[in-house]
Protein chains: 2
Amino acid sequence: MNQHANQKPDYEREMRRAGVRITRPRKIILQILGDTDDHPDAMEIFQRASAIDSSISLSTVYRTMKLLEGMGAIHRHAFDGGRARFEQASGEHHDHLIDIDTGDVIEFHSTKIEALQEEIARELGYDIMHHRLELYCRKRRKG
Amino acid sequence: MNQHANQKPDYEREMRRAGVRITRPRKIILQILGDTDDHPDAMEIFQRASAIDSSISLSTVYRTMKLLEGMGAIHRHAFDGGRARFEQASGEHHDHLIDIDTGDVIEFHSTKIEALQEEIARELGYDIMHHRLELYCRKRRKG
DNA sequence: TTCTTAATGCAAACGATTTGCAATTGCATT
DNA sequence: AATGCAATTGCAAATCGTTTGCATTAAGAA
């Protein structure tokens, strides 16, 4: 389901190079992340992984997400609501519009907003290390 | 410490009107919130309250924060890092710049950014219900 | 002052995530 | 292909922030 035409990064190669073992659970999780365009949480990933290999544990999902995050392979998001959600790090930076009714996430990017953010931080004497812009929305009813 | 010259809202009156009892713990917590300009978390509020009346419990702090949030008296923020942080709701809408080294929070507002957000959501067919813009920053070293 | 009920403190429950540990398994080595 | 060992796993228990059940206390109306 991954429509991104961009070069799919070869995380297995990168992991090997980092001396990290390519295990069965990791292969499966990597495959799941590569096959989706949505922003699943650990439990969803765990369930999708369980369907492929029922012996995988939730701990391993969490540990793998942390590993991949450390490698820069995925991004972790703390949208409203309990669980962290993850997305593959391929592609450029973007912000998120969250449909509060469905949980759907739409990615967007605004160079103008980013520039304004930089300007604000600079005026306050700060450098932005990272930022978070989330629009919690409801579908506009036509009319 | 509250520098806000704006009318300090009388939450006790409002609570009374809503049929909510003005208890000793609530008085103390309200006083703490009114006396600060920072964004304390529940534990900090609990500790400040304990210094005034050591019998206050953390549960009551949480319950009171929820009550006040429901009244619109405070806003709850989920900045990076475990705990929720609170601020008095007086004043206009603003976003936050968080100093990742000290945890300090600076409030700012950009009409331009807000307008751009609206534009983006509109183009995607959504109405913004609420949003979140947080800049995680480090003090610029002079040079 | 009495009375009713909301509010409290405590401890236990909670949901998401992390961790200790013994058992397993990549994989570099023979 | 067999060996060895550290990295990784699954499991259960622990952790962290927050919420909740319940018996007790105390607002505040009568």
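Each chain gets a letter, A, B and so on, in the order the sequences are listed, and its residues count up from 1.
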Q. Of all residues at least two apart in sequence or in a different chain, which pass the side-chain contact (heavy atoms from CB on, under 4.5 Å) check with Lys66(B)?
A. none
Q) Taking everything shown except Lys139(A) itself, do over 12 heavy atoms lie less than 6.0 Å from its NZ? A) no
Which residues pass the salt bridge (Lys or Arg N to Asp or Glu O under 4.0 Å) test with [X], not counting sequence neighbours?
X	result
Asp80(A)	Arg132(B)
Arg83(A)	Asp41(A)
Arg21(A)	none
Arg17(A)	none

Q) Roughly, in whole Å, what's the span from CG in Leu68(B) to P in dA7(C)? A) 12 Å
(Q) Using only atom types and a distance under 3.5 Å, with no angle test, would you say the side chain of His109(B) pairs donor to acceptor with the backbone of Glu107(B)? (A) no
Q: Check for a donor-acceptor pair, side chain of Arg140(A) on one end and backbone N or O of Arg122(B) on the other, with a separation under 3.5 Å.
A: yes
Look up atom [atom1] in [X] and atom [atom2] in [Y], then write down how far apart they are to the nearest 0.5 Å.
X	Y	atom1	atom2	value
Glu114(A)	Ile128(A)	CD	CD1	8.0 Å
Glu44(B)	Asp38(B)	CD	CG	6.5 Å
His39(B)	Asp104(B)	NE2	CG	10.5 Å

Q. How would you list all residue pairs meeting ring-ring contact (aromatic ring centres under 6.0 Å, His included) that involve residues 110-136 of chain A, not counting sequence neighbours?
A. His93(A)-His131(A), His130(A)-Tyr136(B), Tyr136(A)-His130(B)
Q: Apply the test side chain to side chain contact (heavy atoms under 4.5 Å, CB included) to residues Arg26(B) and Glu12(B): give CA-CA distance (whole Å), side-chain angles for both, the deciding distance (0.1 Å), then the verdict.
A: CA-CA 9 Å; Arg26(B) 284 177 182 164; Glu12(B) 294 206 13; over 6 Å; no
Q) So if you build clusters from Ile, Leu, Val, Met, Phe, Trp, Tyr with side-chain heavy-atom gaps below 4.5 Å, do Ile100(A) and Ile106(A) land together? A) no
Q: Specify the residues of residues 42-53 of chain A, ordered by number, for which at least one heavy atom lies under 4.0 angstrom from an atom of DNA chain C.
A: none
(Q) Using a strict heavy-atom distance below 4.0 Å, which residues from residues 54-64 of chain B are in contact with DNA chain C? (A) Ser55(B), Ile56(B), Ser57(B), Ser59(B), Thr60(B), Arg63(B)
Q) Taking five pairs at each end, how big is the angle between the two axes of the helix from dT1(C)-dA30(D) to dT30(C)-dA1(D), to 10°? A) 30°
Q: Sequence neighbours left out, what passes ring pair (Phe, Tyr, Trp, His ring centres under 6.0 Å) with His77(B)? Give chain and number order.
A: Phe79(B), His96(B)
Q: Check DNA chain D against residues 16-27 of chain A and give the residues with a non-hydrogen atom under 4.0 Å, in numerical order.
A: Val20(A), Arg21(A), Thr23(A), Pro25(A), Arg26(A)
**Q.** 5' to 3' contact window, DNA chain D with chain B (heavy-atom distance under 4.0 Å)
**A.** dG17(D) to dG28(D)
